Amino acid sequence: MAVAPVWVSTFPADAFAQEDDYILAHETTFGKLRRPPVMFSHEGHMDTLAEKGCGACHHQRDEESGRLVYVEGEELSCWECHDRKKNNQTPALQSAYHASCTACHRELIKQKRADSGPTTCGECHVKQ
(Lines give C-alpha, C1' and ligand atoms only; values in the text may rest on other atoms or scores of the structure.)
Protein backbone atom coordinates (compact mmCIF):
# COMPACT_ATOMS: atom_id res chain seq x y z
CA MET A 1 0.00 0.00 0.00
CA ALA A 2 1.34 3.41 -0.93
CA VAL A 3 2.01 5.93 1.80
CA ALA A 4 -0.22 8.95 1.37
CA PRO A 5 -0.91 12.06 3.38
CA VAL A 6 -3.47 11.54 6.09
CA TRP A 7 -6.09 14.18 6.46
CA VAL A 8 -7.92 14.73 9.73
CA SER A 9 -10.71 17.23 10.02
CA THR A 10 -13.64 18.22 12.10
CA PHE A 11 -15.81 18.25 9.01
CA PRO A 12 -16.59 15.28 6.74
CA ALA A 13 -13.38 13.83 5.41
CA ASP A 14 -14.84 12.34 2.27
CA ALA A 15 -15.33 15.87 0.91
CA PHE A 16 -11.83 15.34 -0.54
CA ALA A 17 -12.26 11.95 -2.19
CA GLN A 18 -9.08 12.60 -4.20
CA GLU A 19 -7.01 11.75 -1.12
CA ASP A 20 -5.69 8.19 -1.13
CA ASP A 21 -6.14 7.69 2.62
CA TYR A 22 -8.07 9.71 5.12
CA ILE A 23 -9.71 9.47 8.49
CA LEU A 24 -13.49 9.42 8.76
CA ALA A 25 -14.11 11.65 11.76
CA HIS A 26 -17.49 13.32 11.35
CA GLU A 27 -17.45 15.39 14.52
CA THR A 28 -19.63 18.06 12.91
CA THR A 29 -22.30 15.39 12.45
CA PHE A 30 -21.82 13.25 15.56
CA GLY A 31 -20.22 15.64 18.04
CA LYS A 32 -17.67 14.04 20.31
CA LEU A 33 -16.82 10.61 18.95
CA ARG A 34 -17.42 7.63 21.25
CA ARG A 35 -15.16 5.32 19.24
CA PRO A 36 -11.86 6.03 17.47
CA PRO A 37 -12.21 7.43 13.94
CA VAL A 38 -12.00 5.05 10.98
CA MET A 39 -8.98 5.06 8.66
CA PHE A 40 -10.31 4.81 5.11
CA SER A 41 -8.30 3.99 2.02
CA HIS A 42 -10.11 5.39 -1.02
CA GLU A 43 -7.39 4.03 -3.29
CA GLY A 44 -7.64 0.56 -1.71
CA HIS A 45 -11.38 0.50 -2.17
CA MET A 46 -11.07 1.63 -5.78
CA ASP A 47 -8.62 -1.22 -6.41
CA THR A 48 -10.74 -3.85 -4.64
CA LEU A 49 -14.00 -2.74 -6.27
CA ALA A 50 -12.59 -2.01 -9.73
CA GLU A 51 -15.02 -4.41 -11.42
CA LYS A 52 -18.06 -2.81 -9.77
CA GLY A 53 -16.79 0.72 -10.30
CA CYS A 54 -17.61 3.87 -8.34
CA GLY A 55 -21.30 2.94 -8.18
CA ALA A 56 -20.44 0.26 -5.63
CA CYS A 57 -20.31 3.04 -3.03
CA HIS A 58 -21.50 6.27 -4.63
CA HIS A 59 -25.21 6.60 -5.31
CA GLN A 60 -28.09 9.03 -5.24
CA ARG A 61 -31.85 8.65 -5.26
CA ASP A 62 -33.44 8.81 -8.71
CA GLU A 63 -36.43 11.16 -8.44
CA GLU A 64 -38.62 9.18 -10.87
CA SER A 65 -37.99 5.59 -9.79
CA GLY A 66 -37.01 6.23 -6.17
CA ARG A 67 -34.10 3.80 -6.66
CA LEU A 68 -30.49 4.42 -5.75
CA VAL A 69 -28.45 4.94 -8.89
CA TYR A 70 -24.90 5.87 -9.79
CA VAL A 71 -24.45 8.97 -11.94
CA GLU A 72 -20.95 9.28 -13.38
CA GLY A 73 -19.36 12.61 -12.60
CA GLU A 74 -21.80 13.27 -9.77
CA GLU A 75 -20.11 11.23 -7.05
CA LEU A 76 -21.54 12.50 -3.79
CA SER A 77 -20.00 12.01 -0.39
CA CYS A 78 -22.10 10.06 2.09
CA TRP A 79 -22.62 13.06 4.36
CA GLU A 80 -24.19 15.07 1.52
CA CYS A 81 -27.40 13.01 1.78
CA HIS A 82 -27.06 11.27 5.15
CA ASP A 83 -27.32 13.21 8.40
CA ARG A 84 -27.05 12.29 12.07
CA LYS A 85 -30.63 10.98 12.13
CA LYS A 86 -32.74 9.03 9.67
CA ASN A 87 -34.79 11.26 7.36
CA ASN A 88 -37.75 9.50 5.73
CA GLN A 89 -36.17 6.67 3.70
CA THR A 90 -32.63 8.05 4.00
CA PRO A 91 -30.73 6.19 6.75
CA ALA A 92 -28.64 8.07 9.28
CA LEU A 93 -24.98 8.51 8.29
CA GLN A 94 -23.70 6.01 10.86
CA SER A 95 -26.28 3.41 9.75
CA ALA A 96 -25.42 3.99 6.10
CA TYR A 97 -21.71 3.47 6.74
CA HIS A 98 -22.28 0.38 8.86
CA ALA A 99 -24.77 -1.16 6.43
CA SER A 100 -22.78 -0.47 3.27
CA CYS A 101 -19.31 -1.20 4.62
CA THR A 102 -19.93 -4.33 6.63
CA ALA A 103 -22.36 -5.79 4.08
CA CYS A 104 -19.80 -5.37 1.32
CA HIS A 105 -16.96 -6.73 3.46
CA ARG A 106 -19.05 -9.78 4.41
CA GLU A 107 -19.93 -10.38 0.77
CA LEU A 108 -16.22 -10.32 -0.10
CA ILE A 109 -15.59 -12.84 2.70
CA LYS A 110 -18.24 -15.15 1.19
CA GLN A 111 -16.34 -14.86 -2.09
CA LYS A 112 -13.20 -15.91 -0.16
CA ARG A 113 -11.40 -12.71 -1.16
CA ALA A 114 -8.24 -11.91 0.79
CA ASP A 115 -9.02 -8.19 0.48
CA SER A 116 -12.41 -8.50 2.20
CA GLY A 117 -11.99 -5.86 4.90
CA PRO A 118 -13.01 -5.68 8.55
CA THR A 119 -16.47 -6.59 9.88
CA THR A 120 -16.32 -5.86 13.60
CA CYS A 121 -16.33 -2.55 15.49
CA GLY A 122 -12.77 -2.83 16.78
CA GLU A 123 -11.38 -3.76 13.37
CA CYS A 124 -12.60 -0.46 11.86
CA HIS A 125 -12.45 1.76 14.94
CA VAL A 126 -8.84 1.03 15.86
CA LYS A 127 -7.39 2.66 18.96
CA GLN A 128 -4.16 4.46 18.15
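Computed from a prediction, not measured in an experiment: that's the story for all the values here.
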TODO: Measure the spacing between NZ of K85 and OG of S95 and express it to the nearest 0.5 Å.
DONE: 11.5 Å
Open item on the list: Within this structure, what is the CG-OG distance for the pair L93 and S77, rounded to the nearest 0.5 Å?
Closed with: 10.5 Å
TODO: Report the relative orientation of the aromatic rings in H26 and F30; use parallel for angles under 30°, tilted for 30 to 60°, perpendicular for over 60°.
DONE: perpendicular
Task: Chi angles and distances behind the side-chain contact (heavy atoms from CB on, under 4.5 Å) call for C101, T119 - done: CA-CA 8 Å; C101 299; T119 59; over 6 Å; no
Open item on the list: Do Q60 and Y70 pair up side chain to side chain, a donor and an acceptor below 3.5 Å, judged on atom types alone?
Closed with: no
- [ ] To the nearest 0.5 Å, tell me how far R61 CZ sits from C81 SG.
- [x] 9.0 Å
Open item on the list: Measuring only between side-chain heavy atoms, which start at C-beta, is P36 closer than 4.5 Å to V126?
Closed with: no
Task: Value rounded to 0.5 Å, distance of NE2 in H58 from CD in E80 - done: 10.0 Å
Task: V69 vs H59, side-chain contact (heavy atoms from CB on, under 4.5 Å): CA-CA, chis, key distance, verdict - done: CA-CA 5 Å; V69 297; H59 58 257; over 6 Å; no
- [ ] Tell me yes or no: between the side chains of D62 and S65, is some donor less than 3.5 Å from an acceptor?
- [x] yes
TODO: Measure centre to centre between the rings of H82 and Y97, then say whether the value is under 6.0 Å.
DONE: no
Task: side-chain contact (heavy atoms from CB on, under 4.5 Å) between T48 and L108, worked out - done: CA-CA 10 Å; T48 299; L108 293 173; 3.9 Å; yes
TODO: Count the heavy atoms belonging to other residues, nucleotides or ligands that lie under 6.0 Å from CD of E72, then report whether that count exceeds 12.
DONE: no
Task: Hphob cluster co-occupancy, L24 + L33, side-chain heavy atoms under 4.5 angstrom - done: yes
Task: Plane angle bin for H45 and F40 - parallel if under 30°, tilted between 30 and 60°, otherwise perpendicular - done: parallel
Task: Interatomic distance, I109 atom CD1 to C104 atom SG [nearest 0.5 angstrom] - done: 10.5 Å
Open item on the list: In terms of relative ring orientation, are Y22 and H42 parallel, tilted or perpendicular, with 30° and 60° separating the classes?
Closed with: parallel
Open item on the list: What verdict does the side-chain contact (heavy atoms from CB on, under 4.5 Å) test give for D20 and S41, after you've listed the backbone C-alpha separation in whole Å, the side-chain angles of each residue and the deciding distance to 0.1 Å?
Closed with: CA-CA 6 Å; D20 291 336; S41 170; 6.0 Å; no
- [ ] Starting at NE2 of H105, measure out to OG of S100 and round the result to the nearest 0.5 Å.
- [x] 10.0 Å
Task: Nearest heavy atoms of A96 and P91, plus distance in Å - done: N-CB, 4.4 Å
Open item on the list: Can a donor-acceptor pair be found, under 3.5 Å and without considering hydrogens, that links the side chain of E123 to the backbone of T120?
Closed with: yes
Open item on the list: Tell me the closest heavy-atom pair linking N88 and K86, and the distance in Å.
Closed with: O-CE, 2.9 Å
